[in-house]
Structure formats: structure tokens, C-alpha cells
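To start, the structure under review is shown below, and the notes come after it.
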Amino acid sequence: MNLALRAATTVLPVDDVDRARSFYAEKLGLPHRGRTWDGNDLFGIDGGPMLQLMPIKDGMHSSHTALSFEVSDIERTVDEMEASGVEFRDYDLPDLKTEHHICTTDADRCAWFMDTENNILCVHESLGAQAEYQL
């Protein structure tokens, strides 16, 4: 089996399922596919990546970016998302600085926001630079 040829599902923890479902469907415009066999909401399109919202009771969330969406025009995307009520996070750190919500690196441009459940999400636009990986 070659997992690279399979669609992947990202599972995000959520405290309030109804609030999260509304955010992903209405604010981000993700198509709601229904529910999984165990009742978790599922978003995505046939054959593509999926997003599953998993209710949690302990309120534990990741402190890093949990999911990033690749876009072709980050300025337009950020403007449209802000108009729909998404609030972006700004940073002014030695290794990470945003201008108009966008951080530019050699490889891409990124803007971070949080969902209603305190998951850190990102939109990013690739600048076409090839990253060098050392294994």
C-alpha cells in the first residue's frame, strides 16, 4: 500500500461541535459532508483531504499550527476572510513578523488565525522556492 496515494483526514479537537461546525461551514466555506459513523462532523470533497471535528472534554489543544490551507492569492484570501469575520493574529518576534497579518519567508507567505475552538490555523501562499530538506 502506498499512503501517498490516499486521501488524508485531519482530526481537530473541538469543545463546542455546533459552534465549530458553523465556523468551518459558514466562515471558511468548507463543504460539510455529514457525520462519521461515530457522530463526528466531516468536511471536504470526494477524493480530497478531509477535516473531521472531534469533540473533546478536557479542552486540550495544540500550541502550534494544526492545519494550513494553501491559497493562490493570500492578500485577497485574508481580505475575504476578514470580511466574513475571521480574526487574524499578528506577530512581532525575532523570527516571525507579520505585516497586514502576513509573514513572508523565502518559501511562502503565511497568515494565522484561530478557529472558535482555539485551534491555530493558517493560510499560506507558496512563492515557488524549493525547500531543502536534510534527512
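Note that these values count all heavy atoms, side chains included, but never hydrogens, waters or copies made by symmetry.
In this structure, L96 places its CG atom where more than 12 heavy-atom neighbours from other residues, nucleotides or ligands lie under 6.0 Å away. D38 CG: more than 12 foreign heavy atoms inside a 6.0 Å radius.
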Could you please spell out the steps behind the side-chain hydrogen bond (donor to acceptor under 3.5 Å, both in side chains) verdict for E75 and H100? CA-CA 9 Å; E75 285 94 357; H100 306 291; over 6 Å; no
Run the side-chain contact (heavy atoms from CB on, under 4.5 Å) check on I56 and D15 step by step: do they pass? CA-CA 6 Å; I56 60 168; D15 300 304; 3.7 Å; yes
Under the side-chain contact (heavy atoms from CB on, under 4.5 Å) criterion, do L12 and N119 qualify, and how do the steps go? CA-CA 8 Å; L12 289 180; N119 292 301; 4.1 Å; yes
Would you check, one step at a time, whether the test side-chain contact (heavy atoms from CB on, under 4.5 Å) holds for F88 with E82? CA-CA 8 Å; F88 284 86; E82 274 194 307; 3.7 Å; yes
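For the pair M81/T77, a side-chain contact is recorded, criterion being any heavy-atom separation below 4.5 Å from C-beta on. You'll find the side chain of L28 reaches within 4.5 Å of the side chain of L30, heavy atoms only. A 4.5 Å side-chain heavy-atom check between I102 and C110 finds every atom pair outside the cut-off. Side-chain atoms of W112 and S68, non-hydrogen and from C-beta on, never get closer than 4.5 Å to each other. With a 4.5 Å cut-off on side-chain heavy atoms, D16 and T116 do not count as touching. In this structure, L51 and V11 have side chains that are not in contact, with every pair of non-hydrogen atoms separated by 4.5 Å or more. The closest side-chain heavy-atom distance from E70 to S126 is below 4.5 Å. Looking at I74 and V123, their side chains come closer than 4.5 Å, going by heavy atoms from C-beta outward.
Ring geometry for F23 against F113 counts as tilted: the plane angle lies between 30° and 60°, on a 0 to 90° scale.
Atom-to-atom distance recorded for M114:CE and R89:CZ is 5.0 Å, nearest 0.5 angstrom. With rounding to the nearest 0.5 Å, the separation of CD in Q52 from CZ in R33 is 12.0 Å.
Legend: residues meeting side-chain contact (heavy atoms from CB on, under 4.5 Å) with H32, ordered by chain and number and at least two apart, are R21, D41, F43. In this structure E117 satisfies the side chain to side chain donor-acceptor pair (under 3.5 Å) test together with R19, sequence neighbours excluded.
Salt-bridge formation is not detected for the pair K97/D90: no Lys NZ or Arg NE/NH1/NH2 atom is positioned less than 4.0 Å from an Asp or Glu carboxylate oxygen.
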